[in-house]
Amino acid sequence: MEQGALIEIGLPVALFLIMIGMGLTLSVRDFRELVVAPKSVVYGTFAQILIMPLIAFGLASMLGLAPALAVGLVLIAACPGGTTSNLFTFIGRGDVALSIILTVLASLITIVTLPIFVNIAMEKYMDASTRVALPVVRTVVTLVVIILVPVAIGMTVRRFAPAAAAKAEKAVSLFGLLVLVGVIVAVVISVGDQIGGLLKAAGPAAALLNVAGILIGLGGGRLFGMSRPSAYTVAVELGIKNGTLGLMIALTLLNSPEISIPSAVYGLMMFAFGFLMLGYSKLTKIGVTGPAA
């Protein structure tokens, strides 16, 4: 695939702006959640950082995915939650502060863990002739620039211009959704006639990964004594991934449209599962019956 301006320049810039949007929703006071609800924060972060990638490895092997798709599945599983998860948490009456903290913490930690998991997947699933190692140093630097720096910028804007931050946040969220859809369309065009087979192969794996994340959030959260709103929040965080980040890494750092397919498929499916979670929230009246429910 010949990378056009949308992928080569537009995608990293778009992700940078999306992460500014995340920072616009965050203040230093929000980190009180680390003290107020450490159990939820620790469990949610552990599940995002470790459990989801391990599930992806299991699914890739169990389903016999093609090497590139297996690597791509691990890649999207290793990505943190996206800013969209905060929106689904808010609409579903979950714990918004917890959602933001989980998104930010996972985003910061995956700066280190994501390249590790992707390179392990490369070693496991791809032979030496087709393997392209994800450059760890370059990846870490790239993730710092497009995650840590813009989040800090967003937090600074909110600190000194809260009204402007509130208005900009909505525009940035819409922009992020449009970019994600645009890149997914570009990926579909780039793989041409292979798209049918790739979607057929990656679809079930992406769906199972999403379902697994939701069940781990809801079931595991309740098992560890979390409130229903908190467990719902963790489930949304595990189910709604930063698909834009997965696409950027696959298309710019790995230069592989095939590896990007699971991120593209997951990026579409997660909205369907997100709306199902909203239905679940409405039916079970999460956030209405009280935090102790």
Side-chain angles (χ1 to χ4, degrees), residues 1 3 7-8 11-12 15 18-19 45-82 103 105-148 180 183-184 187 190-191 198 201-202 205-206 208-210 212-213 237-267 270:
M1 178 182 74
Q3 294 182 345
I7 291 173
E8 199 169 342
L11 188 52
L15 185 57
I18 291 169
M19 298 309 294
T45 302
F46 179 78
Q48 286 194 82
I49 299 303
L50 183 61
I51 297 179
M52 292 301 288
L54 292 180
I55 288 176
F57 276 107
L59 287 174
S61 298
M62 180 180 71
L63 298 175
L65 293 183
L69 296 181
V71 173
L73 189 69
V74 172
L75 168 58
I76 186 60
C79 285
T103 302
L105 282 181
S107 296
L108 298 180
I109 296 172
T110 51
I111 289 174
V112 176
T113 59
L114 191 151
I116 293 175
F117 279 120
V118 171
N119 277 327
I120 291 175
M122 289 279 191
E123 291 284 341
K124 179 176 176 63
Y125 297 115
M126 304 188 81
D127 58 48
S129 63
T130 58
R131 189 181 304 146
V132 181
L134 184 65
V136 176
V137 175
R138 181 187 172 193
T139 302
V140 169
V141 171
T142 300
L143 294 180
V144 166
V145 171
I146 63 174
I147 291 178
L148 186 57
L180 179 60
V183 172
I184 289 173
V187 169
S190 73
V191 295
L198 291 171
L208 288 172
L209 181 64
N210 205 312
E237 282 297 312
L238 297 183
I240 306 295
K241 292 286 189 179
N242 191 338
T244 310
L245 178 61
L247 288 168
M248 192 215 71
I249 291 173
L251 295 172
T252 64
L253 296 177
L254 293 173
N255 193 26
S256 173
E258 290 79 16
I259 291 177
S260 76
I261 290 295
S263 289
V265 174
Y266 194 98
M270 70 182 186

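Source: prediction; values computed, not measured.
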Looking at [atom1] of [X] and [atom2] of [Y], how far apart are the two atoms once the value is rounded to the nearest 0.5 Å?
{"X": "L50", "Y": "I55", "atom1": "CG", "atom2": "CD1", "answer": "10.0 Å"}
{"X": "L238", "Y": "L209", "atom1": "CG", "atom2": "CG", "answer": "9.5 Å"}
{"X": "N242", "Y": "M270", "atom1": "CG", "atom2": "CE", "answer": "7.5 Å"}
{"X": "K124", "Y": "N119", "atom1": "NZ", "atom2": "CG", "answer": "15.0 Å"}
{"X": "L73", "Y": "M52", "atom1": "CG", "atom2": "CE", "answer": "9.0 Å"}
{"X": "S256", "Y": "I249", "atom1": "OG", "atom2": "CD1", "answer": "13.0 Å"}

For [X] versus [Y], what's the shortest heavy-atom pair and its separation?
{"X": "G243", "Y": "S263", "value": "O-CB, 4.3 Å"}
{"X": "V265", "Y": "A206", "value": "CG1-CB, 3.9 Å"}
{"X": "A78", "Y": "P53", "value": "CA-CG, 3.9 Å"}
{"X": "E258", "Y": "L69", "value": "O-CD2, 3.7 Å"}
{"X": "L245", "Y": "P80", "value": "CD2-CD, 3.6 Å"}
{"X": "A56", "Y": "V74", "value": "CB-CA, 3.8 Å"}

Counting N and O atoms only, with roles assigned by atom type, does the side chain of Y125 sit under 3.5 Å from a partner on the main chain of F57, one being a donor and the other an acceptor?
->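 At least one qualifying donor-acceptor pair exists.
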For T110 and S107, indicate whether the former's side chain and the latter's backbone hold a donor-acceptor pair under 3.5 Å.
-> yes
Do E123 and I120 come within less than 4.5 Å of each other through their side chains, counting heavy atoms only?
-> no
Report the C-alpha separation of Q48 and T113 in whole Å, then their side-chain angles, then the decisive distance to 0.1 Å, and conclude whether the side-chain contact (heavy atoms from CB on, under 4.5 Å) test is met.
-> CA-CA 11 Å; Q48 286 194 82; T113 59; over 6 Å; no
When you look at L75 and L114, which way does the side-chain contact (heavy atoms from CB on, under 4.5 Å) test go after all the steps?
-> CA-CA 7 Å; L75 168 58; L114 191 151; 3.8 Å; yes
For L254 and V118, run side-chain contact (heavy atoms from CB on, under 4.5 Å): C-alpha distance rounded to whole Å, both residues' side-chain angles, the deciding distance at 0.1 Å, then the answer.
-> CA-CA 10 Å; L254 293 173; V118 171; 4.3 Å; yes
Test side-chain contact (heavy atoms from CB on, under 4.5 Å) on Y266 and L247 and set out the steps.
-> CA-CA 10 Å; Y266 194 98; L247 288 168; over 6 Å; no
